[in-house]
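A quick write-up on the structure given underneath.
Numbered from 1 within each chain, the chains take letters A, B, ... in sequence-line order. Remember, it's a predicted structure, so these values are computed and weren't measured experimentally.
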Amino acid sequence: MESWHLPDEDLRRYGERTLAPPVLWSVEAHLTACADCRDRLAAGQPGLARDGWARLDAELDAPVPGVVERLLTRAGVAEHTARLLAATPVLRLSWLAAVVSTLALTAVLAAVLHPVVFLAAAPLLPVCGVALSFGPRADPTYEIAVVAPMHTFRLLLLRCVAVLSATTALSAVASLALPDVGLAALGWFLPALTLTLLTLALTARLGPVLAAAGVALGWIAVVAATRGAGAGGSAVFVPAGQLASAVAAVLAAVILARIHRAFESPRRFR
Amino acid sequence: MTVAAATSVVQASGLTLRYGRTAALTDVSFTLYDGVTGLLGPNGAGKTTLLRIVATALPPDRGTLSVLGADPRTPAGRLAVRRRLGYLPQDPGFHPGFTAFEFVDYVAILKELTDRRARHQEVRRVLDAVGLAGQRGRRIRALSGGMRQRVALAAALVGDPDLLVLDEPTVGLDPEQRLRFREVIAELGEGRSVLLSTHQTEEVMALCQRVVVLDGGTVRFEGTPAELAAHARGRVWTSGARVRGALASWRAGDGRYRNVGDPPADAELLEPTVEDGYLLLIDGPADEETGLVHEETGPALGETGR
């Protein structure tokens, strides 16, 4: 038998489900061991035992979060948002494995040939991610998502932020393997942001696949046209080029904010 | 007995939509009331396009549309419709790694149910409603076609929508699954409006209080199944041999030929079915001659079978 008992206030709040951890865990641990407190709880709130069974039954068939979902929740993402993101095609482990392989390959090529190989390839990864995040070709539940009350643009943004975060983290790790080029090793970051926003802005008009293809081709053309300057091998990766990239990112963001309602007209997503 | 007029749930007028040079819908007008309405037509008639427009998945090029009293052309109207709509697309996509529960849970989040406990309660409710209480934890890739279709229907039911739009819900199902599915849909039609597309007249006869026939992107008929069947009255007859000049002539189960078209003077006439009426509409004379296009009379309560 327990030598102490729960205060009435804690029991009441437990019954009302307003107790938060760690007090909640402490109360539950005590209730497991103390029959007197369980009786007091049942006497105070007769419906609780029945609700408790219903709650237990509900938990038994509730979905068990996967790896991505658990990581997102631990990072502070809301449970329902994590569930949405877990269904994002490009957040599956197979796609993340492809990103890691591509980064590893380009990092090796950068060491053997020139850092520009990595710096030019890294910004294209989130662009591919955007193309594979949304639309009838990439998302099996696209049609259901389009007619759901949640704004299409919000869903697209959520997915793009997740893709950009994942590729940025992986690219940052891969940057460590680059030959010594100083800060130019991080020259891929601003272009990655710019190209992602441009792809999003063009998606409203062209659809995700065409938009991503156009942006990728444009990026390769710009890098090729400005090759030779600085340690990064292109004027895009010197401070002036980075500034231009930042300005382009802001412009793309402004355009996106102005045209976001176009995402409600899914006729263009082909 | 006084019979009150039913209120319309969807009112479409002059809907037109083109895919490039192809006209998918031309000047489509119809009214949807409470109960189950069948959108009947051959493949390529424009049924899916029309359902996608009603479900706000696609905006028309021209025409006016009111769904549940809201105008889907405006952002506020679209949101209002989407909050009261359940949609089962022709080819509902699944994340195959999800369980039935996870998939419906995902759709519930898209439908703005963010509180975990309330959402899970709703997921269990809709899975129970379609008879999948025992299959909640099974992976979708391990489910049969009929069960997958029921999972998709459960997803459409999340939030207890006032209007259900179902695109060929029984296509690809075996006869037993089709019967079970019809049972579920008939039950759902009690208390809400259901618009379902099909190219099977038997489905219309089994389920629908109203029918809209679409062909070549235009409405050819709007009324009750009995009115569609009546369209063929006096034009269906039986004979001992195949009739060459008939619109259709086939040997029935009794060994005699059933013919649809213009009967000879001494023909032994038969009671027409919905299929006969549909056949005459689709393969028969042009709209102007049938006089059945854009019938404006709505049903009265009591006539809808509710």
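Interface check for chain B: of the options A:Arg154, A:His151, A:Glu79, the most heavy-atom pairs under 4.5 Å are formed by A:Glu79. When each of B:Val158, B:Leu110, B:Leu113 is scored by its heavy-atom pairs under 4.5 Å with chain A, the top score falls to B:Leu110.
Residues B:Glu168 and B:Thr198 bring no donor and acceptor atom of their side chains to less than 3.5 Å of each other. Using modelled atom types and a 3.5 Å distance limit, the side chains of B:Thr16 and B:Asp27 yield no donor-acceptor pair.
The two residues B:Val36 and B:Ile185 make their nearest non-hydrogen contact at CG2-O, 4.5 Å. The minimum heavy-atom distance between B:Glu112 and A:Met150, with the atom names listed, is CG-N, 4.4 Å.
For a residue to count as touching a neighbouring chain, one of its non-hydrogen atoms must lie under 4.5 Å from one of that chain's; by this rule B:Thr99 does not touch chain A.
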